[in-house]
Every structure is written in structure tokens, then in C-alpha cells.
Amino acid sequence: KRIQCCSDWASPSSAQPTIARNQPDTIAYCCTHWFTRSVTMGLFGFEKGSAFQAPAWVNKKLPPGHTSQDAAYGEPGWWHKFFTMAYFFYSPNLLWFVVAASVYVCFPYNMEDYKTFRTDWVFERAAINLAVTFAYFGFWSVTLYMLSFGKRKFKPEDAPSLTRMFHNIWYCLLGVLQWTVWEAIFLYGYANDKMPYVSNAEVLSNPYEMAKVAAWILIVPLYREVHFYFAHRLLHFRFLYKYVHSLHHRNTDIEPFAGLCMHPIEHLYYFSCVGPSLYFNLSPLIMMWNGWHLLISPAASHSGWEDNLQSDQFHYLHHVKFECNYGTSSMPLDKTFGTYRERMGKSQHYKGQWSEAASEASDSSGTIRQRKPAAAAAAETPAPEEKDWQETPEQAAARKKRWLRAELSLNGLFPKAQDFVYFCFTASIAVVLFCATFKRFNVDRIVLPFVSNAQIVSFYTSFGPILFGTLLLKLTKDRYSVAWPFHKEKFLGTFGFHILISCLLTALPTYHTVMLLLAEPSANAYHTIWG
């Protein structure tokens, strides 16, 4: 149906009395018409050809966030989109790949420059990453919060303060810089033959390599879905949530820069999604594509609005309710494990430890707060209005005024004592890694029997945050179990399964990335696996 005009034109029986079949303007017209129809019907994830429309399943007569997502999440045949590739072409994945491919072509890698760490090329990659990322995040921030392109804000009475914006932009900046470090390590490994890669010339001259690149371009978004669920679930265990992930959850009224606003340790596990490039002989394009997907995909999903490209009620509910919707709305992993919540108000699906009837729950800082009883929560789901719900001009003007004139406050910007201790540990990882890489203060000479220096530093960087968080909880006699809020799950069941898979997908690739930097080529993951 999407190419009906072109197929009608190409059909031998179709009549074309005014334009010959082989005329360039005819081909251009059909291609343009096909592209226009495709955009209108959802190419790039657009709704009705616009980046500022609510998803089709949203009941616009209800306030934002109150429409059940059941029709769009885990529905029968949900996996069909993976075989038809609709998940790629008719979603923002295509837009993000266009960004990644554009950077790859316009700012190509030069492996000869990367044989040694020099500030010129590292700063160049950092500048590129910062410029593109902040341009993308800034677009959503300006269009939604300054130009009011959106009409359905989840919390129309709230607007991010200058303090919150400063906080979010700062940690977003740290995230982009950390990704640049990951990228630099991979480029250093490629340039020094520490692990193989497929060059552009090989891809263009070898049909097999070309097909492999195409396949991995399609695989990366799927792997991101799985990795995000397990990494995110790991971050909600008490030993990481209290000191690490709670920083991200300071944003209950989210805005675009909140997407990449994470503790450096969360960034560490988040960027470990690039792991497949450690274990397979792939083009650097796949590493870059994975990286750009990680960098810019959180922006629109944390917009705080219901009517924009990639508007994400699914993840917004996670920020409001905390212990639900750990994954994405593409794969029904949360429905499988009982942590799916479909809307604001009373949920018909959620089976986790937190229920609407619970009298207590934990907020983003890990402290106790009162919650509404089930009857009150059920009442939060209003009856549909006669007209489509949208933010009134008065609400928009008041929100914009609060956003522009909010006072800058230092309250909440400085960590508490335990958080400060954990931040010091985080800083120690950066210091140890730097000294081991550039052979400073004899850090590179620390060894143990049967354990190399590279293995010690790699373990300290990758598994250290989990072990130190657990130790700190025990030393401070935290009132909750280190496994909270999953403490009732069986160790040899759901609990153990999530810990095992989460560590394999996050801590292990982090370990192997540091080994790529510090160890001899024969000790790296690719050569260990494939010889």
C-alpha cells in the first residue's frame, strides 16, 4: 500500500497518457510521493507526518498518561515487527541511524592517528560527540519547553527549574565525555591490532561483509532493548540504586536532558551495550552506531510530554512509580516478570512488590514516603472528557514563566555523606585507570599471584562498583536488604537469573573493554574466544 503509486506507474497495464515511463521527472515524482506517504504513515516513527503528535493508541480525551498501553504493549503478534523490520524503519531507530551514518561519513575514523593516545584526536572526537548530542537534546528542549510545540505534558503544572537543568546538563556532559573514552579505547584497540575490525574497503568489496554490516545495523536496536532491561534492573538493586541510580531518579518530572543524566557508574554500565564489538569481527560503523543510539535515544523518551516523536508513557511511569517498566515498550519483558504498569492510577497488571494498596514506598533518594491508598489511586483515572484534552494557554504561559524565571539554588546539588564516599570510590576508578594506562605512580606494576595488573584494574573498574556498594550498605547498617526491592525473589529463580544475565551484559563487557586497553592482544576477549 505504501508504494501503490509507484507500483501502479510501473505496471504494464497502467495508463500513463501524459508522462513517459522512463522520464526522470516521473521517477522523481513517484519516489517523492512514496517518501511523503511513508513519512505520513510512520517512517522515522512520525505520527501523521509530524514529530509532535501523540501515538495513535492514546485516548486524547483522557489526561496525559492515563490511557492504557495494553493495545500497544505485548499484544498478540508483537514480534511481527521484528521480521517485517517495522521496528527499524517505522520508528526513531531509522532517524538515529541516519545521524550515526552521517557522523561516520562526515567525520571518518583515521586509524593511523589512533595508534597512540594524543589529546588532539581525542578532543576532536569529544567535540563531535558533544556538538551533535547537545544539538539533538537542545532541539527537544527548545521546541517543547520554549516554543510549546507540545500540547499534552504529563505534569502540566510543573516545569524544570534552573537548578534541575544545571544538574541534568552537567551529568549529560559527563556521559558524552565518558562515551568518548569508550570510543577512544576501541579506536586504540583497532589501530594497534589488539582486536580485528572490518575496514570500509573490505565492506564495499565483499558482499558477505556488506550483508554482515546490514544485519548488525538491524541487530543493534534489538540488542539495546535487551541490554537496557537487564542493566536497568541491575541498577534498581539496593546496592546500586541508593548510591548510583537514585541520581537519575531525582527527575520525577522528566525533561530531555534527564535522559542522559546519570551517575558515572551508571554511564559505565549503560555504555557497556557496545560489548558485541568486543566479541565479533565487525566494522567500526557498528561500534559508532551503537554509541550514537546510546547517546541520543534517551532525549525524546524523557521529554515529559505525550505528543512528540518517541513520547514514552511507558518509561515516564517508571520515573513516577519507580519499581515498574524497567525495559521498553517494544519487548514485553516487564509483562513476563510482572513489573508492567500500563497507565497512571490503578494498574491491572503490576505484580511487583509495590502495589497501589501499599502504605509506604521509596522515593528517588531511597527514603520513605506515604502513598495514596488503592481507592484514591483508582480515582486518579478520570472519565473521558467531551473534547480532546490539551494544555490550556494559561497553563502553558505559567509553565514557561516558571521555566524561564526559576531561581538557581544549590540545595540538593551536593551529595550526602554516604553518597560522597561512593563518589570518592568512583573517582578512584578514573584515577587508577588513568595511572595504569599512562604508567604513573607505579599503578601499572601492581600484581598478584597468577593475576596480571590488567586483570586487577579491569576487575576493580567493572565489578568494583557492585561490591563496594554492597560493602557500604553493610557498614552503614542500611535498613533494607541489599537485594531490595527484589528481596522476596528466589535466589535460584528470578533473582539469580537477573543478577547473572545483568552482570554478563554489563560488568563483563566493561571488564573486557579495560582489558582491551591494558592487556596484550592475546589476552583480549576476541582472541580468547576465537583464537
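Every heavy atom of this structure was used, including side-chain atoms; hydrogens, water molecules and symmetry mates were not.
The aromatic rings of Phe271 and Trp179 lie tilted to each other, with the angle between the two planes from 30° to 60°. Ring planes of Trp530 and Tyr526: tilted class, angle from 30 to 60°. Aromatic ring pairs are classed by plane angle as parallel below 30°, tilted from 30° to 60° and perpendicular above 60°; the pair His232 and His245 is perpendicular.
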Chi angles and distances behind the side-chain contact (heavy atoms from CB on, under 4.5 Å) call for Ser283, Glu209: CA-CA 9 Å; Ser283 165; Glu209 294 296 343; over 6 Å; no

side-chain hydrogen bond (donor to acceptor under 3.5 Å, both in side chains) between Arg152 and Ser311, intermediate numbers included: CA-CA 10 Å; Arg152 295 175 58 85; Ser311 62; over 6 Å; no

Derivation of the side-chain contact (heavy atoms from CB on, under 4.5 Å) call for Tyr136 and Leu95: CA-CA 11 Å; Tyr136 187 82; Leu95 174 62; 4.1 Å; yes

Trp305 vs Tyr316, ring pair (Phe, Tyr, Trp, His ring centres under 6.0 Å): CA-CA, chis, key distance, verdict: CA-CA 9 Å; Trp305 298 76; Tyr316 173 76; over 10 Å; no

Residue pair Phe186, Tyr109: steps toward the side-chain contact (heavy atoms from CB on, under 4.5 Å) verdict: CA-CA 11 Å; Phe186 272 81; Tyr109 290 144; over 6 Å; no

Verdict with supporting geometry, Asp253 and Lys153, side-chain contact (heavy atoms from CB on, under 4.5 Å): CA-CA 10 Å; Asp253 179 36; Lys153 192 174 188 298; 2.9 Å; yes

Derivation of the ring pair (Phe, Tyr, Trp, His ring centres under 6.0 Å) call for Phe237 and His498: CA-CA 10 Å; Phe237 284 99; His498 278 92; 7.7 Å; no

Stepwise side-chain hydrogen bond (donor to acceptor under 3.5 Å, both in side chains) test for His236 and His318: CA-CA 11 Å; His236 272 262; His318 174 76; 3.0 Å; yes

Working for ring pair (Phe, Tyr, Trp, His ring centres under 6.0 Å), residues Phe441 and Phe434: CA-CA 10 Å; Phe441 305 108; Phe434 177 85; 8.9 Å; no

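A distance-only check finds a donor-acceptor pair linking the side chain of Gln69 to the backbone of Phe314 [under 3.5 Å]. Not one N or O on the side chain of His293 forms a donor-acceptor pair closer than 3.5 Å with the backbone of Asn93. Judged by distance alone, the side chain of Lys212 and the main-chain N or O of Leu282 form no donor-acceptor pair under 3.5 Å. Using modelled atom types, no side-chain atom of Asp444 and backbone atom of Asn453 make a donor-acceptor pair closer than 3.5 Å. No donor-acceptor pair closer than 3.5 Å links the side chain of His302 to the backbone N or O of Ala258. Formation of a donor-acceptor pair under 3.5 Å by the Ser246 side chain with backbone atoms of His249 is not found in this model. Glu183 contributes no side-chain N or O that, together with a main-chain N or O of Met288, makes up a donor-acceptor pair within less than 3.5 Å. Checking side-chain atoms of Trp121 against main-chain N and O of Thr116 turns up a donor-acceptor pair under 3.5 Å. Under the 3.5 Å distance criterion, the side-chain polar atoms of Ser141 are left unmatched by any main-chain donor or acceptor of Phe137. Not a single donor-acceptor pair under 3.5 Å links the side chain of Lys81 to the backbone N or O of Tyr90.
In this structure the side chain of His263 never reaches within 4.5 angstrom of the side chain of His248, judged on heavy atoms. For the pair Lys151 and Phe52, the minimum side-chain heavy-atom distance is 4.5 Å or more. Side-chain contact between Cys503 and Ile466: present, with at least one pair of heavy atoms (C-beta onward) separated by less than 4.5 Å. Between Asn524 and Leu278 there is no side-chain heavy-atom pair separated by less than 4.5 Å. Taking the side chain as every heavy atom from C-beta outward, Thr461 and Tyr511 never approach each other to under 4.5 Å. Annotation: side chain of Leu43 is in contact with side chain of Phe89 (closest heavy-atom distance under 4.5 Å). For the pair Val132 and Val103, the minimum side-chain heavy-atom distance is below 4.5 Å. Looking at heavy atoms from C-beta onward, Pro521 lies out of side-chain contact with Asp193 at the 4.5 angstrom threshold.
Closest approach of Ser297 to Tyr270, counting heavy atoms only: OG-OH, 4.0 Å. Heavy-atom minimum distance, Ser301 versus Ile254: O-CD1, 4.1 Å. The two residues Gly327 and Phe228 make their nearest non-hydrogen contact at O-CE2, 3.7 Å. Of all the heavy atoms in Tyr269 and Ser462, the pair that sits closest is OH-O, 2.5 Å. Between Met195 and Leu516, the shortest heavy-atom distance links the atoms CE-CD2, 3.8 Å. In terms of heavy-atom proximity, Ala436 sits nearest to Val457 at CB-CG2, 4.0 Å.
Between atom CG of residue Leu285 and atom CG of residue Asn290 there is a gap of 11.0 Å, rounded to the nearest 0.5 Å. Here Phe107 contributes atom CZ and Ser102 contributes atom OG; the two are 10.0 Å apart, rounded to the nearest 0.5 Å. Rounding to the nearest 0.5 Å places OG1 of Thr328 at 11.5 Å from OH of Tyr229.
Within a 6.0 Å radius of CH2 in Trp57, other residues, nucleotides and ligands contribute more than 12 heavy atoms. Heavy atoms from other residues, nucleotides or ligands lying under 6.0 Å from CD of Glu520 number 12 at most. Residue Phe123 qualifies as open at atom CZ: its count of foreign heavy atoms under 6.0 Å is 12 or below.
In summary, the aromatic rings of Phe257 and Tyr171 are positioned with their centroids too far apart to meet the 6.0 Å limit.
Of the residues listed (Phe423, Tyr460, Phe425, Phe239), the one engaging Phe468 in a ring-ring contact (aromatic ring centres under 6.0 Å, His included) is Phe425, and it is the only one. Each of Tyr188, Phe280, Tyr190, Tyr114 was scored for a ring-ring contact (aromatic ring centres under 6.0 Å, His included) with Tyr197, with one residue passing: Tyr190.
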